[in-house]
**Q** 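I have a structure I would like to understand better, so I am pasting it below and will then ask my questions one at a time.
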Amino acid sequence: RNHGGLQYLVNMLENPGRPGSPISGQRTDLEVSRCAALGLWSCSSSRKNKLALLKTNVVSLLGKLLQSNDEDVLIPVVGTLQECASESIYQALIQSEGMVEHLVK
């Protein structure tokens with residue numbers, strides 16, 4: 001939060017395998033997204049971090065990953081959403097993004 005780490009994790013969700021990035025070609029995009037979601041899950045237990053994440057598009061990015069069939073990706077994505085859903089603003093965002101259907105499957 002203080003040094004841009006949250007935004008970096010969100011950027012990894014958005015652009016997991018940018019050409020020229022140090023991880024490009026070494027890992028699959030899905031694996032990079034999984035690792036970013038794991039990092040966000042760890043950080044999302046803090047209320048200050050959850051509020052800082054509101055300034056990003058993390059909810060819509062996690063919503064896209066919710067479409068995955070890969071359980072290794074789904075676990076940290078759902079965990080992050082669960083942590084964030086303790087704040088009412090996130091509950092509204094999750095509903096407005098149409099994620100409830102995917103979460104209860």
Side-chain angles (χ1 to χ4, degrees):
R1 175 179 73 233
N2 295 330
H3 300 288
L6 292 175
Q7 185 61 55
Y8 184 76
L9 290 170
V10 172
N11 290 345
M12 286 175 63
L13 286 179
E14 196 166 23
N15 303 304
R18 289 189 312 256
S21 71
I23 54 175
S24 180
Q26 295 176 7
R27 298 186 173 146
T28 66
D29 288 355
L30 206 53
E31 186 178 354
V32 172
S33 295
R34 180 187 70 83
C35 292
L38 280 167
L40 288 169
W41 189 10
S42 295
C43 295
S44 65
S45 61
S46 160
R47 185 168 196 269
K48 288 181 182 180
N49 286 341
K50 285 184 261 196
L51 296 177
L53 283 170
L54 281 173
K55 298 174 186 169
T56 70
N57 60 339
V58 72
V59 174
S60 62
L61 293 171
L62 291 171
K64 290 176 186 174
L65 287 174
L66 212 68
Q67 311 292 323
S68 173
N69 292 325
D70 188 336
E71 189 175 308
D72 290 335
V73 173
L74 288 172
I75 291 171
V77 167
V78 171
T80 304
L81 289 169
Q82 180 183 8
E83 286 289 340
C84 290
S86 65
E87 301 289 329
S88 59
I89 187 75
Y90 277 101
Q91 293 170 12
L93 286 170
I94 289 167
Q95 287 178 350
S96 71
E97 291 281 335
M99 288 189 240
V100 174
E101 175 186 330
H102 298 287
L103 288 168
V104 296
K105 270 188 182 179

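Heavy atoms only: backbone and side chains are in, while hydrogens, waters and symmetry mates are out.
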**Q** Which atoms form the tightest heavy-atom contact between Lys50 and Ser86, and what is the distance?
**A**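 Where Lys50 meets Ser86 most closely, the heavy atoms are NZ-OG, 2.8 Å.
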**Q** With Ser60, which residues qualify under side-chain hydrogen bond (donor to acceptor under 3.5 Å, both in side chains), at least two apart?
**A**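 If we apply the side-chain hydrogen bond (donor to acceptor under 3.5 Å, both in side chains) test to Ser60, skipping adjacent residues, there are no hits.
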**Q** To the nearest 0.5 Å, what is the distance between CG on Leu53 and SG on Cys43?
**A**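 Answer rounded to 0.5 Å: 7.5 Å.
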**Q** Which residues pass the side chain to side chain contact (heavy atoms under 4.5 Å, CB included) test with Leu61, sequence neighbours left out?
**A** Val10, Leu13, Glu14, Asn57
**Q** Which heavy atom of Thr80 sits nearest to which heavy atom of Leu40, and what is that distance?
**A** OG1-C, 3.9 Å
**Q** Got a sec, which pairs hit salt bridge (charged side-chain N to carboxylate O under 4.0 Å, His left out) with one end in residues 64-86, sequence neighbours left out?
**A**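 Counting only pairs at least two positions apart or across chains, no salt bridge (charged side-chain N to carboxylate O under 4.0 Å, His left out) contact touches residues 64-86.
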**Q** Tell me, please, which residues at least two apart from Gln91 pass side-chain hydrogen bond (donor to acceptor under 3.5 Å, both in side chains).
**A**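 So Gln91 forms no side-chain hydrogen bond (donor to acceptor under 3.5 Å, both in side chains) with any residue.
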**Q** Please report the closest heavy-atom contact between Leu74 and Ser68, naming both atoms and the distance.
**A**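 Heavy atoms only, the tightest pair is CD1-O, 3.4 Å.
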**Q** Walk me through whether Tyr90 and Leu54 qualify under side chain to side chain contact (heavy atoms under 4.5 Å, CB included).
**A** CA-CA 8 Å; Tyr90 277 101; Leu54 281 173; 3.6 Å; yes
**Q** With sequence neighbours left out, what residues match Glu97 under salt bridge (Lys or Arg N to Asp or Glu O under 4.0 Å)?
**A**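 So Glu97 forms no salt bridge (Lys or Arg N to Asp or Glu O under 4.0 Å) with any residue.
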**Q** Among Lys48, Lys55, Arg47, find the one that has a side chain to side chain contact (heavy atoms under 4.5 Å, CB included) with Leu51.
**A** Arg47
**Q** According to a 4.5 Å side-chain heavy-atom criterion applied to Ile, Leu, Val, Met, Phe, Trp and Tyr, with indirect links allowed, do Leu38 and Leu30 form part of one hydrophobic cluster?
**A**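 Cluster IDs for Leu38 and Leu30 differ.
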**Q** Under 4.5 Å between side-chain heavy atoms, counting indirect links through other Ile/Leu/Val/Met/Phe/Trp/Tyr residues: same cluster for Val73 and Ile75 or not?
**A** no
**Q** If you take all heavy atoms of Ile94 and Ala85, which pair is closest and at what distance?
**A**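 Between these two residues, the closest heavy atoms are CD1-CB, 4.1 Å.
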**Q** Can you list every pair that meets side-chain hydrogen bond (donor to acceptor under 3.5 Å, both in side chains) and has a residue in residues 35-44, with sequence neighbours left out?
**A**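 Every pair satisfying side-chain hydrogen bond (donor to acceptor under 3.5 Å, both in side chains) with a residue in residues 35-44: there are none.
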